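One structure is given here, and the rest of the page talks about it.
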Protein chains: 2
Amino acid sequence: MTTAQRPTLEAVARRAGVSRATVSRVVNGSTTVAEPIREAVHRAVAELGYVPNLAARSLVTQRTDSVALVMPEAATRVFSDDQVFPGIIRGAALELEAADKQLVLMLAGSRAGHERVERYTTGRHVDGVLFASLHGADPLPGRLTRLGIPVVCSGRPLGDASVPYVDVDHVGGVTRAVQHLIDGGRRRIATIAGPQDMVGGIERLAGYQAAVTSAGLPEWVAYGDFTRESGVAAMRRLLAEHPDLDAVFAASDLMAHAALRTLRTAGRRVPDDVAVVGFDDIETAAYTEPPLTTVRQPIQEIGRRMTRQLLRLAAGEPIEPAVVLPTELILRDSA
Amino acid sequence: MTTAQRPTLEAVARRAGVSRATVSRVVNGSTTVAEPIREAVHRAVAELGYVPNLAARSLVTQRTDSVALVMPEAATRVFSDDQVFPGIIRGAALELEAADKQLVLMLAGSRAGHERVERYTTGRHVDGVLFASLHGADPLPGRLTRLGIPVVCSGRPLGDASVPYVDVDHVGGVTRAVQHLIDGGRRRIATIAGPQDMVGGIERLAGYQAAVTSAGLPEWVAYGDFTRESGVAAMRRLLAEHPDLDAVFAASDLMAHAALRTLRTAGRRVPDDVAVVGFDDIETAAYTEPPLTTVRQPIQEIGRRMTRQLLRLAAGEPIEPAVVLPTELILRDSA
DNA sequence: TTGTATGCGTTATCAG
DNA sequence: CTGATAACGCATACAA
């Protein structure tokens, strides 16, 4: 292993018999360099295996051509099978690909991880930061924004209102879902709510509450955290407390899936005895038994829009502070 | 939004009435600074909201305190439910957490993505590079190694043998699995092999071939790519070509799961008519119908060991060129 | 214990 | 079209 001293611009310049400035021009594709010189430089670059030092470059350009996508979650949840994070990642990756920028994924599940992400992003290691899903009132997005670092969140940030975000129309989707249940003759509609430290959890519950209340129906709530396990527990609680329920709206498809199975175990037929509606429209929603009626949110599009907003911001263009994407009720067999 | 000019060491120094060098010492936790001065500096740092510029720092220290984990796959596959990548990510995250280094995840699914990763890593944006799963003979690990950048691969790299790696004992695991089938009286043992451009696919097939051949048994192979869909197709082909098979070893649990369902659909009972063994021991393996007998590989441990090796390498310590972790046959009901 | 001076590898500004 | 030369923001050997 030749721990060869890494060649610098200087070395290339000497080899090619030109100045550093000229080498820099060629490397950066400037068109104002004479053809023979350009060739000589390219040859020298190849012979020496020269690769620009990004730290030096970004020190002067003030850019890094990379963008961070921060996921304030432990790896387990990020890579669970609800495919929400992966969808956002895919959307961001596609959009950054087009802009020829590097996507840097960072997990901030632990306290230390969160701090490390803060150091990394405030240290200008990236041109902008995307936040994938925030818990509670995380101060980091606001802090970065105040430092002048472009930030876009997925989901309205709970703490600092001044951070631009991309979200979906939770309330509209839930309202349509509950209305659909009511139209189908359901009158005892329960909900399995999501975590109340996340905007998605909060708004979907609010949407449910508004819909049942305005229809003069009772409000039956059990809380989960979007996962299957929590869905099972919540569904059991609901069945115990309200054995006569005839419909349930779950704030995530994973919890809806759990509800489906729990209801069957309890001897209830879906949708005959109990109708079930989920939220997300993940891939498996079409393959559950029975196939799940659910509120679709355009997950990948969230990633794309966030990224586009961020790139605009980084380019100094003004952007709208909030983008809200539509949701859609997908009718299948469970309701 | 105050696009405040970002404060530098210089600014902090002036504010605190000391030299840049002293501020630098305080910021980096040097103990040789008088208490009152240290306090003054800290105050100035807080008042100005100073954050060190990482590019400038790494330009002089030659370190970035971050490590890249490259996944040469599209996002879809990385985040599929086999949980192999997530396991490696978790292992690496845990180990880097302990070392207080930042984990930088990079997807290199497309051609352009691959190039971008190359620029990023060769540009010394990270102190070392972990490769999660290589297809074919990717030249990048070798190239980075020759540039003096620490690299560790998961799985023996197919191209350049000089790159250190961490792998599991594929052959040993498969041999035990097949032997278990033979001990159970099976004589017509087929395999659903993995992709032959990946070391895992190659070695698991080789292990199967060696085991059946040395037992004087026929060698029946159908190829998949580790996914469920490919497993269904492969199992169907095997059933069509060798309707009398009495066992199948699948090179991944996902494919084994598919085999289970396909066999049942075809009217075969597992394990009565056909025994099935998988490879991986993913979480769902315990919940399939029937629960899956499989070869466990310590996925998370792979991530941890890779990372430890990389950190040693980056610290200039010598490391063994190959680490091979043991596999274990987990007996459940499918075989 | 603190300050001074220097260099890390680029890009950008200006002359020529 | 090309070449000096000055930043960029920080860490550190050396001097005081």
Side-chain angles (χ1 to χ4, degrees), chain A residues 4-42 44-45 48-66 119-120 122-125 127 147-149, chain B residues 4-42 44-45 48-65 119-120 122-127 147-149:
Chain A
Q5 199 51 24
R6 166 154 226 253
T8 70
L9 260 196
E10 179 71 43
V12 176
R14 269 202 309 272
R15 177 95 171 203
V18 297
S19 73
R20 282 205 315 253
T22 300
V23 176
S24 176
R25 290 187 189 104
V26 172
V27 169
N28 290 301
S30 163
T31 49
T32 69
V33 175
E35 192 48 35
I37 293 205
R38 173 198 310 278
E39 265 179 34
V41 170
H42 274 140
V45 164
L48 266 44
Y50 168 75
V51 179
N53 180 316
L54 266 30
R57 173 179 287 171
S58 78
L59 185 56
V60 43
T61 61
Q62 308 277 34
R63 291 179 307 106
T64 64
D65 289 323
S66 60
R119 281 211 307 275
Y120 195 88
T122 58
R124 302 278 172 175
H125 237 318
D127 296 341
L147 280 172
I149 298 173
Chain B
Q5 200 52 25
R6 170 154 221 248
T8 71
L9 259 196
E10 177 73 42
V12 177
R14 270 201 309 271
R15 177 98 171 201
V18 297
S19 74
R20 281 203 317 251
T22 299
V23 177
S24 176
R25 290 189 188 101
V26 172
V27 168
N28 290 303
S30 164
T31 49
T32 68
V33 177
E35 192 49 34
I37 293 205
R38 174 197 309 279
E39 265 179 33
V41 170
H42 275 139
V45 164
L48 266 44
Y50 169 75
V51 179
N53 180 316
L54 266 29
R57 174 179 287 173
S58 77
L59 186 55
V60 41
T61 60
Q62 308 278 35
R63 291 179 307 104
T64 65
D65 288 323
R119 283 210 306 273
Y120 195 87
T122 58
R124 304 278 172 173
H125 238 317
V126 291
D127 295 341
L147 280 172
I149 299 172

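Computed from a predicted structure; not experimentally measured. Below, read A as the first sequence line, B as the second, and so on, with proteins coming before strands; counting in each chain starts at 1.
Counting non-hydrogen atoms under 4.0 angstrom, A:V27 reaches nothing in the nucleic acid. The residue A:L9 sits close to a base: some heavy atom pair falls under 4.0 Å.
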Between the protein and nucleotides 3-7 of chain C, list every N/O to N/O distance that falls short of 3.5 Å.
unit_1: C:dG3; atom_1: OP2; unit_2: B:S19; atom_2: N; d: 3.1
unit_1: C:dG3; atom_1: OP2; unit_2: B:S19; atom_2: OG; d: 3.1
unit_1: C:dG3; atom_1: OP2; unit_2: B:T22; atom_2: OG1; d: 2.5
unit_1: C:dG3; atom_1: N7; unit_2: B:R25; atom_2: NH1; d: 3.4
unit_1: C:dG3; atom_1: N7; unit_2: B:R25; atom_2: NH2; d: 3.3
unit_1: C:dG3; atom_1: O6; unit_2: B:R25; atom_2: NH2; d: 2.6
unit_1: C:dT6; atom_1: O4; unit_2: B:R20; atom_2: NH2; d: 3.2

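The CG atom of A:L59 sits 12 Å away from the P atom of C:dA12 (whole-angstrom rounding). The CZ atom of A:R63 sits 10 Å away from the P atom of C:dT11 (whole-angstrom rounding). When rounded to the nearest whole Å, the span between CZ of B:R57 and P of D:dC8 equals 19 Å. In this structure, CG of A:N28 is placed 9 Å from C1' of C:dT10, rounded to the nearest angstrom. Rounded to a whole Å, the CD atom of A:E10 is 10 Å from the P atom of D:dA4. One atom, CZ of A:R124, and another, C1' of D:dC10, lie 16 Å apart when rounded to the nearest Å. Straight-line distance from the OH atom of B:Y50 to the P atom of D:dG9: 10 Å, rounded to whole Å. Note: CD (A:Q62) to C1' (C:dT10) measures 12 Å, nearest angstrom.
Applying the salt bridge (charged side-chain N to carboxylate O under 4.0 Å, His left out) rule to A:R57 yields no partners; only residues at least two apart in sequence or on another chain are considered. Remark: B:A40 engages B:R43 in a side-chain contact (heavy atoms from CB on, under 4.5 Å) (not counting sequence neighbours). Residues satisfying the side-chain contact (heavy atoms from CB on, under 4.5 Å) test with B:E39, not counting sequence neighbours, are B:E35. In this view, B:R20 and B:E10 satisfy the salt bridge (charged side-chain N to carboxylate O under 4.0 Å, His left out) rule, not counting sequence neighbours.
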task: Evaluate the side-chain contact (heavy atoms from CB on, under 4.5 Å) criterion for residues B:R6 and B:N53: first the C-alpha distance (whole Å), next the side-chain angles of each, then the deciding distance (0.1 Å), finally the verdict.
output: CA-CA 9 Å; B:R6 170 154 221 248; B:N53 180 316; 3.9 Å; yes
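Closest to the side chain of B:V33, from the set C:dT2, D:dA11, D:dT2, is C:dT2.
Between B:Y50 and B:L9 there is a side-chain heavy-atom pair separated by less than 4.5 Å. Looking at A:L54 and A:T64, their side chains never come closer than 4.5 Å, going by heavy atoms from C-beta outward.
Distances shown here put every side-chain N or O of B:N53 at or beyond 4.0 Å from the OP1 or OP2 atom of D:dC8. In this structure, A:S24 reaches the C:dT11 phosphate: one of its side-chain N or O atoms is under 4.0 Å from OP1 or OP2.
Here B:R124 contributes atom CZ and B:Q62 contributes atom CD; the two are 8.0 Å apart, rounded to the nearest 0.5 Å.
One axis for each end of the helix from C:dT1-D:dA16 to C:dG16-D:dC1, each built from five base pairs, and the angle between them comes to 40° at 10° resolution.
Checking A:V12, A:V45, A:V33 one by one against A:V26, the side chain to side chain contact (heavy atoms under 4.5 Å, CB included) holds for a single residue, A:V33.
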